[in-house]
There are 2 protein chains.
Amino acid sequence: MRPTVHDIAAAAGVSLATVDRVLNRRPGVRGVTREKVEQAIERIGYIRDVAAANLAKSRVYPFVFILPSGDNSFMRGLEAQVRAAIGRSPAERTAISIVTVPAFNPEALVAALDEARATSPSGVAVVAIDSPDVIAAVDRLRGERIPVVTLVSDLAGSKRDHFAGVDNIAAGRTAASLMGRFLGGRSGPVAVLAGSMLVRDHRERLDGFSAVMNESFPGHALLPVLEGQDDPALAEQLVGEALAASPEIAGIYSLGAGNRGLIAALKRRRNGVPVCVIAHELTQHTRAALNDGLIDAILNQDAGHEVRSAIRVLKAKADGVAVIGAQERIRIDIFLKDNLPFERDGHDNQEPEPGRQD
Amino acid sequence: MRPTVHDIAAAAGVSLATVDRVLNRRPGVRGVTREKVEQAIERIGYIRDVAAANLAKSRVYPFVFILPSGDNSFMRGLEAQVRAAIGRSPAERTAISIVTVPAFNPEALVAALDEARATSPSGVAVVAIDSPDVIAAVDRLRGERIPVVTLVSDLAGSKRDHFAGVDNIAAGRTAASLMGRFLGGRSGPVAVLAGSMLVRDHRERLDGFSAVMNESFPGHALLPVLEGQDDPALAEQLVGEALAASPEIAGIYSLGAGNRGLIAALKRRRNGVPVCVIAHELTQHTRAALNDGLIDAILNQDAGHEVRSAIRVLKAKADGVAVIGAQERIRIDIFLKDNLPFERDGHDNQEPEPGRQD
DNA sequence: GAAAATTTGATGTACGTAAATCAGAAAATT
DNA sequence: AATTTTCTGATTTACGTACATCAAATTTTC
């Protein structure tokens, strides 16, 4: 049997109350006694039963998720996943609130972070914008020992506990590798459509993409980056202009959102060479375009995984327990037409039998 | 606050004992009363607190994992992941035992399944072999209401509760799609190296691969399948012979194990056209070969995810609660040189602070 | 309508931990 | 040495559920 607090008490030759004081960092224990208890814990290999502790405390984990607003499909999907997690709250003892702030607006994000801090939550997850003010706001949270997880876009230089998102440099490199190989012998320049260089994920993708294109496929020149602000209308305009100006464009890498606009521009195009298109994030629009052959490959990050991972990590940090590193690594999905997952899930043989438990 | 058993009792106008009898399917409750209670449960939206229930029962989940023996790197990695899960047993209330049986041997597998059944575990996970005897053995387990999850290779036609593995038809299709595009304009036939057509995952990969090659890339003929029994030595011999017999081979798809042999054969080769190689499962051998450019792409299933998913699903089935479908879908990882994950993990800012909890 | 059988209620203990109270022991201070 | 302060022990209640026991009420059976 797994040792309990009683076993520690016996092993250390102290009372249960003292063990409890040590375990929960309560005052009123002499240094020597504290040490005796800690050694006993170490010796008999005690691990606190988090389930029992949470039961005793009737603990809930109040978490705040801060997401960009706007009609970015990916971000709305992310929000839907957070709402799904809210639906699981009773079982998971979480109390999640969602705060949305205008995209690419550091001031608004700082305000939201400070507001979240005022509610003393058990943890905060945030889609970060790279800016010194935001770093400072995150570090203020950490200063109050509130765990912080960055979501989708990281915040280098901050004291955030964890990043729940993909390796965006690798994503960019992979996109370039696929682009180069898919283009095969064909020649022609490659265009890049981004959202904004303000967010780290977009910058990193571009860095990775440029590096591999220059190293391995120098025959394809990179055109100046189009910044579409993740806005479909703007993206459509920019891509349309680019295609008109350079009909010999052989490839387009869309590393941000606003793919609806990209797809519209591609559909409007009638002349010119075939274009190899690689885009990010699987949405209803990109999925349809992939099936139609307008897009050749989609790199995707699974928003559901990111949200669930963020919650697991925030819980673990709040409880001071270790996380399974490999489980929390968010992978880059590469979708071709051939490995698109079905829209709806569930391939189990039967429904659970409610109430049965043994 | 979330409703408890007391709230059901009050809402249904019965005693706690009666609620308990209904909830735990104990005898001694009249039909009308049972219905009253069940309606109250429905009405107030009661969900049993599994953590508290497990505490009260001091429940452990005895699970049996049945894996093929032999020096197949992927399977040994899978076993390592199960052992890692055993290391987490105290926290997860599991008691996992591992049984290994000779690969591709239905009789041995049936014996192992029946033996497992004799111990009345809370669940069984098994790397299945497609055979009527195995189906029958699995259905015997289900007959005793023991949840069964197939791992890596599925068992169609059986009553298994769930399959923790990838969509192997999609994997084969994806491999073909990559192969066709990577080959670009080049011509030449494509060879396929499999383990055994006895296991469903290999058959499905081949089906998917053949389908897309025939549909989309009819210029590349498919050579007869090489069955290497997942044995490196045999694989090396078969591939060596094939390359010698057809120096014009343009691509090789290795859909099973024994990639050490494939790589050795590729290294030995000095003449002939460049070969595009797509293999399955990221191991130290395939990883090195990908980095060296001997392999062009690796399709991978994450053994750790599969094991953790299997455990989550077995627990859920044993408790009669629902699973998060999307979370349990195992995805096909596509690795190019550019998105290889690091060998070791951990990109968190700091270690957990042991003992702290609030 | 009485006896037997069944159903229901009341109550207590347990699981492992948290948290509070109060009394007593040991230190530190005067 | 007496007093104050600090530490430690003993004990209790609670969290939500499981499970057992025994008494009381209800239904069924003859």
Side-chain angles (χ1 to χ4, degrees), chain A residues 1-38 40-41 44-61 90-93 318-321 355-358, chain B residues 1-38 40-41 44-61 90-93 318-321 355-358:
Chain A
M1 280 303 282
R2 178 173 164 180
T4 74
V5 280
H6 296 84
D7 300 318
I8 308 177
V14 301
S15 79
L16 216 67
T18 302
V19 173
D20 180 65
R21 289 180 185 118
V22 173
L23 274 176
N24 295 294
R25 302 221 189 291
R26 267 186 265 279
V29 184
R30 252 188 317 165
V32 270
T33 319
R34 158 158 284 134
E35 208 143 298
K36 247 195 336 192
V37 174
E38 274 163 357
I41 291 175
I44 67 177
Y46 167 82
I47 350 171
R48 165 198 261 121
D49 184 330
V50 179
N54 284 346
L55 178 61
K57 284 197 284 200
S58 335
R59 191 195 214 299
V60 288
Y61 300 82
E92 297 182 350
R93 304 189 102 89
D319 290 340
V321 301
R356 185 167 182 273
Q357 177 180 40
D358 55 358
Chain B
M1 282 302 282
R2 181 174 162 180
T4 74
V5 280
H6 295 85
D7 300 320
I8 308 177
V14 299
S15 77
L16 216 66
T18 302
V19 173
D20 180 66
R21 288 178 186 117
V22 173
L23 274 177
N24 295 293
R25 302 222 189 293
R26 268 186 264 279
V29 184
R30 255 190 315 167
V32 270
T33 318
R34 155 157 288 136
E35 208 143 299
K36 241 189 346 188
V37 173
E38 274 162 359
I41 291 175
I44 67 176
Y46 167 82
I47 351 171
R48 168 199 258 116
D49 183 330
V50 180
N54 284 345
L55 178 61
K57 284 196 284 198
S58 337
R59 190 195 214 300
V60 288
Y61 301 81
E92 297 181 349
R93 303 190 104 89
D319 289 341
V321 301
R356 183 166 184 273
Q357 177 180 41
D358 56 357

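We use all heavy atoms of the structure for the numbers below, so side chains are in, but hydrogens, waters and symmetry mates are not. What you see is a predicted model; the values in this text were computed from it and never measured. Note on naming: letters A, B, ... go to the chains in the order of the sequence lines (proteins, then strands), and numbering restarts at 1 for each one.
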4.5 Å side-chain heavy-atom contact, B:Leu23 and B:Ile41:
yes
Looking only at C:dG16, C:dA10, C:dA19, the nucleotide nearest the B:Leu55 side chain is C:dG16
Does D:dC15 have its OP1 or OP2 closer than 4.0 Å to a side-chain nitrogen or oxygen of A:Arg59?
no
Using the closest heavy atom to pick a nucleotide of DNA chain C for each, name whichever of A:Ala17 or A:Val5 lands nearer the 5' end.
A:Val5
Length of the line joining B:Leu16:CG and C:dT7:C1', which is rounded to integer Å:
16 Å
N/O (side chain, B:Arg26) to phosphate O (OP1/OP2, D:dC19) under 4.0 Å
yes
Look at the side chain of A:Arg59 and the backbone N and O of A:Ala51, then say whether any donor-acceptor pair between them is shorter than 3.5 Å.
no
Partner of D:dC30 under the Watson-Crick or G-U wobble criteria, both distances under 3.5 Å, comes out as C:dG1
Close side-chain approach of A:Thr33 and A:Arg21, heavy atoms under 4.5 Å:
no
Donor-acceptor pair under 3.5 Å, A:Arg2 side chain vs C:dG16 base
no
Within less than 4.0 Å of OP1 or OP2 of D:dA18, is there a side-chain N or O belonging to B:Arg48?
yes
d(NZ, B:Lys36; P, D:dT26) in whole Å
12 Å
Determine whether B:Tyr61 and B:Asn54 make a side-chain contact, defined as any pair of heavy atoms from C-beta on separated by less than 4.5 Å.
yes
Side-chain contact check for A:Val14: nearest option of C:dA18, D:dG9, D:dG16 is D:dG9
Among D:dG16, C:dT17, D:dC19, which nucleotide has an atom closest to any side-chain atom of A:Asp49?
C:dT17
Over how many whole Å does the gap from A:His6 atom NE2 to C:dA14 atom P extend?
11 Å
Within this structure, what is the CG-to-C1' distance between B:Asp20 and D:dT21, rounded to whole angstrom?
13 Å
Nearest-Å distance, CD1 (B:Ile44) to C1' (D:dG16)?
13 Å
Report yes if a side-chain nitrogen or oxygen of A:Ser15 is closer than 4.0 Å to either non-bridging phosphate oxygen (OP1 or OP2) of D:dG9; otherwise report no.
yes
Report yes or no: does A:Arg2 contribute a side-chain atom to a donor-acceptor pair with the main-chain N or O of B:Pro90 at less than 3.5 Å?
yes
5' priority, DNA chain C, between A:Arg30 and B:Gly13 [closest heavy atom]:
B:Gly13
Would you say A:Lys36 and A:Val22 make side-chain contact, with heavy atoms under 4.5 Å?
no
Separation of atom CZ in A:Arg93 from atom C1' in C:dT17, rounded to whole Å:
12 Å
Taking atom P of C:dG16 as reference, at what distance in whole Å does atom OH of A:Tyr46 sit?
10 Å
Selected nucleotide, minimal atom distance to B:Ala52 side chain, candidates C:dA19, D:dC19, D:dT17:
D:dT17
What nucleotide, of D:dA18, C:dT17, D:dT8, holds the atom closest to the side chain of A:Ala53?
C:dT17
Distance in angstrom units between A:Leu23 CG and C:dA19 C1', rounded:
13 Å
